[in-house]
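Structure record follows, encoded as C-alpha cells.
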Amino acid sequence: MTKSYKIGVIKGDGIGPEIIDEAIKVLDAVSVAQGCNLKYTEMLLGGVAIDETGVPLPDETIQGVGKCDAVLFGAIGGPKWDNLERHLRPETGLLGLRKEMGTFANLRPATVYDELINASTLKPGVIEGVDIMVVRELTGGIYFGEPRELLEDRAYNTMVYTREEVERIARVAFDIAMIRQKRICSVDKANVLEVSQFWREIVEEVAKDYPEVELSHMYVDNAAMQLIRDPKQFDVILTGNIFGDILSDAASMLSGSIGLLPSASTGEGVGLFEPIHGSAPDIAGQGIANPLATISSASMMLRYALGETKSADKIDAAIKKALKEGYRTGDISDYDAKEVVTCSEMGDIIAGYASK
Ligand code: NAD
C-alpha cells in the first residue's frame with residue numbers, strides 16, 4: 001500500500017525558495033522510487049509573509065502546520081525587513097512558530113564528507129570520518145528560566161530544568177543513539193551547578209531503559225576542548241539549551257561549510273526541518289546557493305518524522321556520491337571540484353542518484 005504524508009512547506013525569503021525547490025525535487029524523485037506519496041502545502045513565514053499579510057507569522061501558518069506530518073523550512077529574513085519593529089520582524093515569526101510547534105529537541109548532525117575534508121580548518125586526520133549528532137534541549141534552561149531581570153546595577157537569569165524537561169530530551173537522545181552507534185555523551189557542568197547534578201541523575205535513570213546504549217558524562221568546558229581535539233570520540237552528544245547552543249555551532253564548523261548542514265527541531269507534535277544557514281540575501285536569485293543543507297534536512301525529515309529510513313539513506317548516499325564525483329556549488333568549489341554546478345543542477349544530480 002502506498003503511504004501518504006502531508007508536508008508543510010515554508011520557503012521563506014532570500015535563497016529559501018531556491019533551496020526548497022531543489023529539496024522537493026529530490027523528495028519527489030525518492031518518494032516515487034520508494035512508493036510513498038508526499039502532498040505539499042505551502043505556508044508563509046518571515047519577510048514574504050509580512051509583504052503579503054502584514055505579519056511575519058500569519059494565523060493560517062500556525063493552523064496549517066498542525067495539520068501536517070512534518071514541516072520543511074528554507075530560511076527567512078533580509079535587509080528589506082531589518083528596520084521593522086521587533087515584533088514585526090521575520091525572525092520573530094520563526095521564534096513564534098517554533099514555540100507554537102512545541103519543538104523542544106534540536107538535532108544537529110555534524111558530518112564530515114571525505115571529499116570535502118580540506119574545507120575544514122582542522123587537520124584531515126582529526127576530522128576524517130566524524131559523524132556526530134548534537135541533541136540540544138531547546139525550550140528550557142537559562143534562556144527561558146524565571147525570574148530574570150535587567151536592573152541598573154545588576155542583572156540575573158535563572159537556570160532551571162524540570163524532571164519532565166530533562167527526561168523527554170534524554171529519551172530523544174537515547175532513541176537516536178539506538179539507530180546510530182549506541183553511544184551517548186551527556187554534557188553538563190555538574191561539578192558547579194545543582195541543575196546539572198539533577199540533569200545527570202535523570203539521564204542516568206532514563207539510561208536504565210536503554211541497556212544497549214553506552215552512557216558517559218562530560219563537563220561542558222572539557223567537551224568544547226574535546227570536540228576540537230578529537231571529535232571522532234563522539235556519537236550522540238546530549239546537552240541543555242545554552243551548552244548545546246555553543247557546542248552545536250562549534251561542531252558545525254568541523255565540516256567546513258554552512259551550506260551543507262541540516263537540522264531538525266522535534267517535540268511532541270510536528271517537527272520542523274531546516275538548514276542551519278540563513279537566507280543569504282547576498283546570493284539570492286543568482287542560482288548559486290548550495291541546496292545540500294536543505295536536501296539533508298529533507299532526509300532528516302524522512303528519517304526522524306516519517307520513519308522512511310530507506311528513502312533517507314538513498315538521499316544521504318546520493319549526496320555523498322555527487323560530492324565524490326566532484327560536483328560542487330560555488331561555496332565549496334575550491335575543494336577538489338571537477339564541475340561547478342548551479343543550485344538547480346545540484347538538485348537534478350541528487351534527484352537522479354537518489355531515485356536509482
Ligand atoms: P546566512 O547564513 O544567510 O549567510 C552567511 C554567509 O553564508 C553568506 O555569505 C551567504 O551567502 C553564505 N551562505 C549561507 N547559506 C548558503 C548556501 N546555502 N549556499 C551558499 N552560501 C551560503 O547568514 P547572515 O548573512 O548572517 O543572515 C542573512 C539573513 O538570514 C538575516 O536576515 C538573518 O536574520 C537571517 N537568518 C535566518 C535564519 C533562519 O531562517 N533560520 C538563520 C540565520 C540567519
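Whatever order the structure lists ligands and atoms in, that order sets their numbers, starting from 1. Below, each value reflects all heavy atoms present in this structure, side chains not excepted, and no hydrogens, waters or symmetry copies.
Considering backbone and side-chain N/O atoms, I288 never comes within less than 3.5 Å of an N/O atom of ligand 1. Checking only distances, D82 never comes within under 3.5 Å of ligand 1, N or O to N or O. Between H277 and ligand 1, at least one N/O pair is under 3.5 Å apart. Note: an N/O pair closer than 3.5 Å links G278 and ligand 1 by distance alone.
Inter-residue side-chain proximity for T329 and I288 is flagged as unmet; no heavy-atom pair is nearer than 4.5 Å. Residues F198 and L193 form no side-chain contact, since every pair of their non-hydrogen atoms from C-beta on lies 4.5 Å or further apart. Put simply, the side chain of R303 reaches to within 4.5 Å of the side chain of D313, judged on heavy atoms.
Judged as a side-chain contact (heavy atoms from CB on, under 4.5 Å), and not counting sequence neighbours, the contacts of E339 are Y327, V341. Under the rule for a side-chain contact (heavy atoms from CB on, under 4.5 Å), T41 has no partner lying at least two apart in sequence or in another chain.
Side-chain atoms of S279 come within 3.5 Å of backbone atoms of G77 as a donor-acceptor pair (strictly under, hydrogens ignored). Listed for the T103 side chain is no donor-acceptor partner under 3.5 Å among the backbone atoms of T266. A donor-acceptor distance shorter than 3.5 angstrom exists from the side chain of D69 to the backbone of K6, with no hydrogens or angles considered. At least one donor-acceptor pair closer than 3.5 Å links the side chain of R328 to the backbone N or O of Y335.
Counting protein heavy atoms under 4.0 angstrom from atom 27 (O) of ligand 1 gives zero. In this structure, atom 44 (C) of ligand 1 has protein heavy atoms in its sub-4.0 angstrom surroundings. At a distance under 4.0 Å, no protein heavy atom can be found next to atom 5 (C) of ligand 1. Put simply, atom 24 (P) of ligand 1 has no protein non-hydrogen atoms near it, under 4.0 Å away.
Using a 4.0 Å cut-off between heavy atoms, P281 contacts ligand 1 through its side chain alone, with no backbone atom that close. Proximity of I283 to ligand 1, defined as any heavy-atom pair under 4.0 Å, is confined to the side chain (atoms from C-beta onward). Of all the heavy atoms of N290, the ones lying under 4.0 Å from any atom of ligand 1 are found in both the backbone and the side chain.
Contact analysis puts F73 in contact with ligand 1, with a non-hydrogen atom separation below 4.0 angstrom.
Comparing heavy-atom distances from atom 12 (C) of ligand 1 across A289, G14, A280 singles out A280 as nearest. Relative to atom 35 (C) of ligand 1, the option among I76, L272, I19, D13 with the closest non-hydrogen atom is I76.
The cationic group of R168 lies under 6.0 Å from the six-membered ring centre of F104 and within 45° of the ring axis, placing it in a cation-pi geometry.
Between E128 and K232 there is no salt bridge, since none of the side-chain N atoms of the basic residue sits less than 4.0 Å from a carboxylate O of the acidic one. With respect to K25 and D348, a salt bridge is recorded, a charged nitrogen being found less than 4.0 Å from a carboxylate O.
The protein heavy atom nearest to atom 29 (C) of ligand 1 is S279 OG, 3.3 Å. Of the protein's heavy atoms, D282 OD2, 3.5 Å lies nearest to atom 8 (C) of ligand 1. For atom 7 (O) of ligand 1, the nearest non-hydrogen atom of the protein is I258 CG2, 3.8 Å.
For ligand 1, the atoms sitting less than 4.0 Å from at least one non-hydrogen atom of L94 are 39 (C), 40 (O), 41 (N), numbered in the order shown with element in parentheses. The G78 neighbourhood of ligand 1 comprises atoms 32 (O), with distances under 4.0 Å to a heavy atom of that residue. Residue A75 has at least one heavy-atom neighbour below 4.0 Å for each of these atoms of ligand 1: 40 (O). Every atom of ligand 1 is numbered from 1 in the order shown, and the set under 4.0 Å from a heavy atom of E91 is 32 (O), 33 (C), 34 (O). Contact atoms of ligand 1 toward E274: 41 (N) (distance under 4.0 Å to a heavy atom of the residue). For ligand 1, the atoms lying closer than 4.0 Å to a non-hydrogen atom of G77 are 32 (O).
Neither I76 nor L44 shares a network with the other; the hydrophobic side chains, linked directly or stepwise wherever heavy atoms of I, L, V, M, F, W or Y lie under 4.5 Å apart, form separate groups for each.
Residue L323 forms a side chain to side chain contact (heavy atoms under 4.5 Å, CB included) with just one option from D114, D336, L292, and that option is L292.
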